[in-house]
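Worksheet: one structure, shown below.
Just so you know, ligand 1 is whichever comes first in the structure, and atom 1 is the first atom listed for that ligand. A quick note: this is a predicted structure, and the numbers were derived from the prediction, not measured.
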Amino acid sequence: MLRPLFQRPALAAALLAASVLAAPAQAAELRSADIHPDDYPTVMAVRHMADLVKERSGGKLTIKVYAGSALGNENDSIEQVKLGALAMARVSSAAMHNICEVSRVPSLPFLFRSKEHLHKVLDGEIGQEMLRACEKAGFVGLAWYDSGSRSMYTRNKPVKTVADTKGMKIRVQQSDLSVAMVEAIGGNATPMPIGEVYTALKTGLVDAAENNFPSYESAHHYEVAKYFSMTEHSMTPEILVFSKRQWDRLSEADQKLLRQAAQESVPYMRKLWDQREDKSRALVEKAGAQVVEVDKASFQAAVQPVYKRFVTTPQMQDLVKRIQAVQ
Ligand code: GTR
């Protein structure tokens with residue numbers, strides 16, 4: 001009869017050695033969170049980044065993506081990233097507003113003139129500067145992802161001009177800037193995580209919300225708020241943030257590899273994003289949503305106080321000026 005393993009030290013030692021040899025040196029699994037479902041462009045892009053990282057590190061570094069709010073809402077994920085309990089999160093940069101003020105800049109209403117303008121800014125030096133801005137607060141910015149532009153959608157009546165939003169209860173992201181923007185257009189801002197918005201719209205807790213076509217579609221908001229008014233009031237991009245605590249424990253080579261892979265996932269994401277915007281718009285329109293043209297200038301005039309209130313530091317003022325000057 002064979003003796004139990006612990007009574008056969010030579011064999012136990014050999015087995016242990018073999019298992020150590022089989023495991024890649026310092027193999028590390030990094031966890032990443034996203035509130036969006038599996039087929040959403042942000043989730044697919046981080047999975048693409050994970051493939052690159054795994055391949056290039058020879059399996060030493062892996063990224064496991066937890067989609068669909070499996071690790072909580074955006075504020076929960078950010079908290080965990082800050083603590084170092086979670087390596088990475090793909091969030092809206094609006095989720096960073098209350099953490100570091102420079103993150104508010106790309107959300108300023110009507111700041112970007114077009115998608116091309118946004119890309120030029122984010123792909124250049126200004127984009128890099130804004131990615132670095134939250135490092136002191138514990139977040140290493142790895143990449144910007146697209147999120148189209150955000151527009152207002154309502155349950156009862158279409159919004160056509162800024163006068164129509166007066167007194168409306170409007171759900172916003174959990175950010176002081178988003179609250180101020182809705183107040184500037186005469187609405188009552190109700191901040192809440194996106195996971196609560198469907199019910200809030202359905203029960204009439206709020207009259208309206210605002211988002212891009214893919215989120216309006218994937219969160220099923222079009223079923224309960226069928227007027228989609230093309231206010232296109234902000235182009236808040238998505239951001240991929242890495243925990244500074246975990247980052248500082250990585251070798252320089254691994255940091256470089258992660259940054260590179262994150263950057264390379266950007267064009268992949270943009271392609272998926274463009275396709276998804278068209279697909280989502282077609283789907284909601286087919287399901288009965290009405291896309292409404294609006295008097296944009298009336299919104300643009302009303303939100304000007306937001307700049308005064310939030311663009312307060314010399315760095316932010318300089319960023320806004322430089323962004324506006326990008327042709
Ligand atoms: C989406 C964004 C999400 C989330 C959501 C929201 O456009 O991709 O990360 O911030 O908006 O409105 O809460």
* Structure fact -> At under 4.0 Å between heavy atoms, what of N211 touches ligand 1? The answer is side chain

* **Check: Y153 ring centre within less than 6.0 Å of H221 ring centre** => yes

* Give the numbers and elements of all ligand 1 atoms closer than 4.0 Å to a heavy atom of S92. => 9 (O), 10 (O)

* To do: Would you please indicate yes or no on a ring centroid separation below 6.0 angstrom for H117 and F112?
  => yes

* Asked: For K169, does the NZ atom have more than 12 heavy-atom neighbours from other residues, nucleotides or ligands under 6.0 Å away?
  -> yes

* Asked: Is any side-chain N of the basic residue among R270 and D274 closer than 4.0 Å to the acidic one's carboxylate O?
  -> no

* Structure fact -> At under 4.0 Å between heavy atoms, what of N212 touches ligand 1? The answer is side chain

* Structure fact -> Atoms of ligand 1 under 4.0 Å from any heavy atom of S215, numbered from 1 in the order shown, are 1 (C), 7 (O)

* Among all protein heavy atoms, pick out the one at the shortest distance from atom 12 (O) of ligand 1; state its residue, atom name and that distance to 0.1 Å. => R171 NH1, 2.8 Å

* What residue and atom, counting heavy atoms only, is the protein's closest point to atom 9 (O) of ligand 1, and at what distance? -> E74 OE2, 2.4 Å

* Under a 4.0 Å N-O cut-off, is there an ion pair linking E217 with R276? -> yes

* **Steps toward side chain to side chain contact (heavy atoms under 4.5 Å, CB included) verdict (K54, I63)** => CA-CA 8 Å; K54 188 173 173 188; I63 301 173; over 6 Å; no

* Would you say H36 and ligand 1 have an N/O pair spaced under 3.5 Å apart? -> yes

* To do: Give the contacting part of T42 toward ligand 1: side chain, backbone, both or neither, where contact means a heavy-atom distance below 4.0 Å.
  => neither

* Structure fact -> Per-atom filter on ligand 1: closer than 4.0 angstrom to a heavy atom of S147 are 7 (O)

* Asked: Does R90 reach ligand 1 with a nitrogen or oxygen that is under 3.5 Å from one of the ligand's nitrogen or oxygen atoms?
  -> yes

* Asked: With a 3.5 Å cut-off and no angle check, do the side chains of S92 and Q173 form a donor-acceptor pair?
  -> yes

* Does a salt bridge link R90 with E74, judged by any charged N lying under 4.0 Å from a carboxylate O? -> yes

* Asked: Would you say R150 touches ligand 1, if touching means a heavy atom closer than 4.0 Å?
  -> yes

